[in-house]
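One structure is given here, and the rest of the page talks about it.
In this text, all values refer to a predicted model and were calculated from it rather than measured experimentally. Quick note: residue numbers are just sequence positions, from 1.
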Amino acid sequence: MNISKSGNYTNLCTGSVKALAGSFGEQQPKFTFLVGHDSNVASLFSALGVKPYHLPHQLETTPIGGKVVFQRWSDNASNKALLKVEYVYQSTEQLATLAPLNRANPPQRVTLTLSECPTNDKGFCQFEDFERITTALAK
């Protein structure tokens, strides 16, 4: 694994990475909410090695009001923890028209992948790979 803390993006978001890494323990709440600006999201993505992505129906790569959702799952067949990362956001039209989000007009969502955390066909990567990334970045 080739993770370096020398990059500016990593230095800018070390606190976010530490908070993120510490939010998945057995004694942690089921839901952790971290707030930031688009530049914080871009810095976090750079540090974590998020692969290039496209947000359909959106002109921006980090749109206003977007949410990055880190989900920890358990694979009962392998007894391993998995991670899925999704970007949940409003389309350009939803933002421009101030359209309320609901079941008939849901937000958009895209599964993200990390360079050092290969995903399966459903977008899940091994949680231990994610832990290696965040542990190296949080040092």
*Does some side-chain heavy atom of V17 sit less than 4.5 Å from a side-chain heavy atom of L44?*
yes

*Atom CG of L55 and atom CD of Q90: how far apart are they, to the nearest 0.5 Å?*
12.5 Å

*When you measure from the side chain of K67 to the backbone N and O of G65, does any donor-acceptor pair fall under 3.5 Å?*
yes

*Between Y89 and Y53, is there a shared hydrophobic cluster once you connect ILVMFWY residues whose side-chain heavy atoms come closer than 4.5 Å?*
yes

*Measuring from C117:SG to K51:NZ, what's the distance to the nearest 0.5 Å?*
10.0 Å

_Test side-chain contact (heavy atoms from CB on, under 4.5 Å) on E86 and Q71; report intermediate values, then the result._
CA-CA 8 Å; E86 291 184 316; Q71 305 169 46; 2.9 Å; yes

*Should the heavy atoms of other residues, nucleotides or ligands under 6.0 Å from CG of N79 be counted, would the total exceed 12?*
no

*Same apolar cluster (I L V M F W Y, side chains within < 4.5 Å links), L82/V85*: no

*For the residue pair T92 and Q58, confirm or rule out a side-chain donor-acceptor distance under 3.5 Å.*
yes

*Check whether any side-chain N or O of K122 sits under 3.5 Å from a backbone N or O of K84 as a donor-acceptor pair, and report yes or no.*
no

*Consider only side-chain heavy atoms of I, L, V, M, F, W and Y, link residues closer than 4.5 Å, and tell whether L48 and V110 are in one cluster.*
yes

*When rounded to the nearest 0.5 angstrom, what is the spacing between CD in Q126 and OG in S78?*
6.5 Å

_Polar side-chain atom of S43 near backbone of S39 as donor-acceptor pair, under 3.5 Å_ = yes

*Check whether the ring centres of F70 and F24 lie less than 6.0 Å apart, and answer yes or no.*
no

*Taking everything shown except E128 itself, do over 12 heavy atoms lie less than 6.0 Å from its CD?*
yes

*Linking I/L/V/M/F/W/Y whenever their side-chain heavy atoms sit closer than 4.5 Å, directly or via other members, would Y87 and F124 fall into one cluster?*
no

*Using atom types as modelled and distance alone, determine if a side-chain donor or acceptor of T135 lies under 3.5 Å from a backbone N or O of R132.*
no

*Heavy atoms only: give me the nearest N105-Q94 pair and the separation to one decimal.*
OD1-NE2, 2.9 Å

_Quick check for you: to the nearest 0.5 Å, what is the distance between H54 atom NE2 and T61 atom OG1?_
11.0 Å

*Is it true that F130 and W73 fall in one hydrophobic cluster, defined by side-chain heavy atoms closer than 4.5 Å?*
no

*asked:* Which heavy atom of C125 sits nearest to which heavy atom of T119, and what is that distance?
replied: CB-CG2, 4.0 Å

*List the atom of P106, the atom of R103, and the distance in Å for their closest heavy-atom pair.*
CD-O, 3.6 Å

*Could you pull out the closest heavy-atom pair between A77 and D75, with the gap in Å?*
N-OD1, 3.0 Å

